[in-house]
**Student:** 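Dropping a structure here in structure tokens format, bear with me for questions.
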Amino acid sequence: MLDMIKRFIYHYNNMRWARGRHETYLCFVVKRRIGPDTLSFDFGHLRNRTGCHVELLFLRYLGALCPGLWGYGETKLTYSITWFCSWSPCADCSSKLAQFLRQTPNLRLRIFVSRLYFCDREDGLEREGLRMLKRAGVCPVMDWRPVQGVPPHIMPNDS
DNA sequence: ATTTTCAAT
Ligand SMILES: [Zn+2]
């Protein structure tokens, strides 16, 4: 148990040069309004596997986490999901995720990240991917203390 | 800091 906490602190530590974090953690919270005063609540965490980034791994679990998301007959249920990721999504995951979210308007997703993944170059694909996510309705935010040398507003704030 | 990164050895 203590080892797990130490591992989480290590991987979620938002330092500028995070040497050795060769994996990504994703903690999630899944909620659905089931009454005027009641929310369903589920949570858990995932790690990337070899050959599968954790964001796309999450999508594979989505059907089990969100029964009815794609409909019980006519009715599609609405879910709200929050991610807490140690790295921000890469360009490919951002692109796939944005496309998925556009096809699933009854899913609300917000993302908190500890560190920006390959976002140093002003014109990099990773930055553009985050902007795509924002246009798809999800805004990744840095909600830990600001990363040294990287102001929070390098996160997508244009268009 | 000329630092790192969902590894590759
Ligand atoms: Zn990815």
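In what follows, every chain begins at residue 1, and chains take the letters A, B, ... in the order their sequences are listed. Computed over heavy atoms, backbone and side chain alike; hydrogens, waters and symmetry mates excluded. This one's a predicted model, so the numbers in the text were calculated from it and none came from an experiment.
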**Student:** In whole angstrom, give me the gap between the C1' atoms of B:dT2 and B:dC6.
**Tutor:**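 To the nearest whole Å, 26 Å.
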**Student:** I need the CG-P distance between A:Asp120 and B:dT2, as an integer number of Å.
**Tutor:**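 In whole Å, B:dT2 P lies 13 Å from A:Asp120 CG.
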**Student:** Please collect all salt bridge (charged side-chain N to carboxylate O under 4.0 Å, His left out) contacts where either partner lies in residues 80-97 of chain A, sequence neighbours excluded, each pair once.
**Tutor:**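 Checked against salt bridge (charged side-chain N to carboxylate O under 4.0 Å, His left out) - neighbours excluded - the pairs reaching residues 80-97 of chain A are A:Asp92-A:Lys96.
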**Student:** Whole-Å distance between B:dT4 C1' and A:Asn14 CG?
**Tutor:** 14 Å
**Student:** Among A:Phe84, A:Trp87, A:Trp83, whose ring-ring contact (aromatic ring centres under 6.0 Å, His included) with A:Phe112 holds?
**Tutor:**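 Of the listed residues A:Phe84, A:Trp87, A:Trp83, the ring-ring contact (aromatic ring centres under 6.0 Å, His included) partner of A:Phe112 is A:Phe84.
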**Student:** Quick one: list whatever passes salt bridge (charged side-chain N to carboxylate O under 4.0 Å, His left out) with A:Arg47, sequence neighbours left out.
**Tutor:**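 Salt bridge (charged side-chain N to carboxylate O under 4.0 Å, His left out) check on A:Arg47 returns A:Glu23.
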**Student:** Do any side-chain atoms of residues 30-40 of chain A form donor-acceptor pairs under 3.5 angstrom with protein atoms, and if so which ones, sequence neighbours left out?
**Tutor:**
from: A:Arg33; atom 1: NH1; to: A:Gly35; atom 2: O; distance (Å): 3.3
from: A:Arg33; atom 1: NH1; to: A:Pro36; atom 2: O; distance (Å): 3.4
from: A:Ser40; atom 1: OG; to: A:Arg32; atom 2: N; distance (Å): 3.1
from: A:Ser40; atom 1: OG; to: A:Arg32; atom 2: O; distance (Å): 3.4

**Student:** Go through the structure and list residues passing side-chain hydrogen bond (donor to acceptor under 3.5 Å, both in side chains) with A:Glu122, not counting sequence neighbours.
**Tutor:** A:Arg127
**Student:** Expressed in angstrom and rounded to an integer, what is the separation of A:His11 atom NE2 from B:dT5 atom P?
**Tutor:**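 Value for this atom pair: 12 Å.
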**Student:** Without decimals, in angstroms, what is the distance between A:Tyr25 OH and B:dT5 P?
**Tutor:**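 Atom OH in A:Tyr25 sits about 16 Å away from atom P in B:dT5.
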**Student:** Which atom pairs, one a donor and one an acceptor, fall under 3.5 Å between side chains of residues 50-65 of chain A and the rest of the protein, sequence neighbours left out?
**Tutor:**
from: A:Tyr61; atom 1: OH; to: A:Arg49; atom 2: NH2; distance (Å): 2.8

**Student:** Rounded to whole angstrom units, what separation is found between the CH2 atom of A:Trp17 and the C1' atom of B:dT3?
**Tutor:**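 Result: 6 Å.
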**Student:** Restricting both atoms to N or O, compile the protein contacts to nucleotides 6-9 of chain B shorter than 3.5 Å, with distance only.
**Tutor:**
from: B:dC6; atom 1: OP1; to: A:His22; atom 2: ND1; distance (Å): 3.4
from: B:dC6; atom 1: OP2; to: A:Tyr117; atom 2: OH; distance (Å): 2.6
from: B:dC6; atom 1: O4'; to: A:Thr24; atom 2: OG1; distance (Å): 3.1
from: B:dC6; atom 1: O3'; to: A:Asn48; atom 2: ND2; distance (Å): 3.1
from: B:dC6; atom 1: N1; to: A:Thr24; atom 2: OG1; distance (Å): 3.1
from: B:dC6; atom 1: O2; to: A:Val54; atom 2: N; distance (Å): 3.0
from: B:dC6; atom 1: N3; to: A:Glu55; atom 2: OE1; distance (Å): 3.2
from: B:dC6; atom 1: N3; to: A:Glu55; atom 2: OE2; distance (Å): 3.3
from: B:dC6; atom 1: N4; to: A:Glu55; atom 2: OE2; distance (Å): 2.8
from: B:dC6; atom 1: N4; to: A:Ser88; atom 2: O; distance (Å): 2.6

